[in-house]
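Beneath this line is the structure, given in structure tokens, with notes to follow.
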2 protein chains.
Amino acid sequence: MTFEKKLRNMKITTKSRYAIRSIFALVLMGGDKQPIALTQIAEHEDISRKYLEQIFMKLKKSKIVEGSRGAQGGYMLGKPAKSISLKEVIYAMDGPVKIADCHQEETCDNFSSCGINWLWSGLKETVDNYLDNITIDDLKRQAFGGKDADIS
Amino acid sequence: MTFEKKLRNMKITTKSRYAIRSIFALVLMGGDKQPIALTQIAEHEDISRKYLEQIFMKLKKSKIVEGSRGAQGGYMLGKPAKSISLKEVIYAMDGPVKIADCHQEETCDNFSSCGINWLWSGLKETVDNYLDNITIDDLKRQAFGGKDADIS
DNA sequence: ATAATTACTACAAGGATACTAGGATATGGG
DNA sequence: CCCATATCCTAGTATCCTTGTAGTAATTAT
Ligand code: FES
Ligand code: FES
């Protein structure tokens, strides 16, 4: 009955979740057309602005967003929402999903004698597949009840 | 190129992996029929015996194994290998797979206004499904090239 | 008895996460 | 040209979880 302990098993990092939420918010605010300031997103999503800065710096490095400095500046999408997958965002934040250190020959010396590494490879593939097949655009569509919300 | 950083994103804990490897080893050593001492498993799998003790205490609490004390004692399976799923073992070690703190109404105050929690629920379901459909018996069969290794 | 082996509890080192802080740099509007 | 507004960049830090280690008690086959 007591699972209040904050487990870290199989968890997506807060950074990754913040990133996804923030990009989602960015898009809803029109960030696919014009730059939006981080302060707005931070307030809307109730996330520390300073922390968001770091997150968006990483997103920028991965070309997921573009930053424009100075007054009236902010961030906007660096590519169409349709071509930004969750996997890509998570990769930008924390690198590839790991699952276990030891399903690759290089990182585990027990690899050859271990009969169960296929297990972790399989799980990783399952997770990667899930994350690869959902895009920011999907989030948007889901939010609007499946209807295409593009008002051009 | 540099992903040597030990990320914890989406990772299965070492404890869970040890548990699965150890049960697997236990079965291969005949632990479905007679008790096997932890020292043997610890040596075979190169895992700290003291750490294994704690792991098997948890497994015992979940009825996955039974312990018999004293000389010639050890641990043996508490139920058929066919009915021990990976999910169950992981649950015994670290509780339920979490993925994110915030896909339940109770644990996130942003829940109602958050449009993407279905994401984490979906991922959790995917992972749970994977882990629920693999049993210790499956590991055994895989190790023996798909053949049924039961020699009754 | 005694050696073997589990049962139980406490504690410690290390590392990653989730931030906070402070400044440098650039830019549009007045 | 100023200045408010923003991004850009680098350090530092508290906290928590993981991954063990250690010691001791209880139990049992021989
Ligand atoms: S590959 Fe590392 S223990 Fe299985
Ligand atoms: S449910 Fe917690 S932020 Fe989405």
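Naming convention: chains lettered A, B, ... in sequence-line order (proteins, then strands); numbering from 1 in each chain. In this text the structure is predicted, and so the values were computed from the model without any measurement.
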* Side-chain donor/acceptor contact of A:Glu66 with base of D:dT7 under 3.5 Å ->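 Between D:dT7 and A:Glu66, which were checked side chain against base, a qualifying N/O pair under 3.5 Å is absent.
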* To do: Please figure out whether B:Ser68 or A:Ile12 has its closest DNA chain C nucleotide nearer the 5' end.
  =>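 Here B:Ser68 is the residue nearer the 5' end.
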For atom [atom1] of [X] and atom [atom2] of [N], their distance in whole Å:
| X | N | atom1 | atom2 | result |
| --- | --- | --- | --- | --- |
| B:Asn9 | C:dG15 | CG | C1' | 15 Å |
| A:Met93 | C:dC19 | CE | P | 14 Å |
| B:Arg21 | D:dT19 | CZ | C1' | 14 Å |
| A:Leu52 | D:dA6 | CG | C1' | 14 Å |
| B:Lys11 | D:dC17 | NZ | C1' | 13 Å |
| A:Ile55 | C:dC19 | CD1 | P | 9 Å |
| A:Gln72 | D:dC3 | CD | C1' | 13 Å |
| B:Leu26 | C:dT5 | CG | C1' | 15 Å |

Phosphate OP1/OP2 of [N]: any [X] side-chain N/O under 4.0 Å:
| X | N | answer |
| --- | --- | --- |
| B:Thr14 | D:dT19 | yes |
| B:Tyr18 | D:dG20 | yes |
| A:Lys60 | D:dT7 | no |
| B:Tyr75 | C:dT5 | no |

Side-chain donor-acceptor contacts of residues 17-27 of chain B below 3.5 Å, not counting sequence neighbours, with atom names and distances?
unit_1: B:Arg17; atom_1: NH2; unit_2: B:Thr14; atom_2: OG1; d: 3.2
unit_1: B:Arg21; atom_1: NE; unit_2: B:Glu45; atom_2: OE1; d: 2.9
unit_1: B:Arg21; atom_1: NH2; unit_2: B:Glu45; atom_2: O; d: 2.9
unit_1: B:Arg21; atom_1: NH2; unit_2: B:Glu45; atom_2: OE1; d: 3.1
unit_1: B:Ser22; atom_1: OG; unit_2: B:Tyr18; atom_2: O; d: 2.7

Could you list all N or O pairs between the protein and nucleotides 23-27 of chain D that sit under 3.5 Å apart?
unit_1: D:dG23; atom_1: N7; unit_2: B:Lys50; atom_2: NZ; d: 3.3
unit_1: D:dG23; atom_1: O6; unit_2: B:Lys50; atom_2: NZ; d: 2.6
unit_1: D:dT24; atom_1: O4; unit_2: B:Lys50; atom_2: NZ; d: 3.4
unit_1: D:dA26; atom_1: N3; unit_2: B:Arg69; atom_2: NH2; d: 3.1
unit_1: D:dT27; atom_1: O2; unit_2: B:Gly70; atom_2: N; d: 3.4

* Asked: Is it true that B:Leu52 and B:Met76 fall in one hydrophobic cluster, defined by side-chain heavy atoms closer than 4.5 Å?
  ->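 No: no chain of side-chain contacts under 4.5 Å links B:Leu52 to B:Met76.
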* To do: Decide whether A:Ile12 and B:Val97 are clustered together by the hydrophobic rule: side chain heavy atoms of Ile, Leu, Val, Met, Phe, Trp, Tyr closer than 4.5 Å, transitively.
  => yes
* Structure fact -> The side chain to side chain contact (heavy atoms under 4.5 Å, CB included) partners of B:Asp138 (sequence neighbours excluded) come to B:Ile134, B:Thr135
* Taking only residues two or more places apart in sequence, or in another chain, which ones meet B:Thr13 in a side chain to side chain contact (heavy atoms under 4.5 Å, CB included)? -> A:Asn9, B:Lys15, B:Ser16, B:Asp94
* **Within residues 68-81 of chain A or reaching into it, pairs that qualify as side-chain hydrogen bond (donor to acceptor under 3.5 Å, both in side chains) - sequence neighbours excluded** => A:Lys79-A:Glu88
* Describe the nucleic acid contact of A:Thr39 in one word from base, sugar-phosphate, nothing, applying a heavy-atom distance below 4.0 Å. => nothing
* So what does A:Arg49 hit on the nucleic acid, given a heavy-atom distance under 4.0 Å: a base, only sugar-phosphate, or nothing? ->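 Counting heavy atoms under 4.0 Å across all strands, the contact made by A:Arg49 includes a base.
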* If you count the non-hydrogen atoms of other residues, nucleotides and ligands that lie under 6.0 Å from CD in B:Glu125, is the total more than 12? ->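 It does not: B:Glu125 CD has 12 such atoms or fewer within range.
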* Asked: Which of residues 40-48 of chain A sit near DNA chain C, with a heavy atom under 4.0 Å from it?
  -> A:Ser48
* Options D:dG20, C:dT17, C:dA18, nucleotide nearest the side-chain atoms of A:Tyr51 -> C:dA18
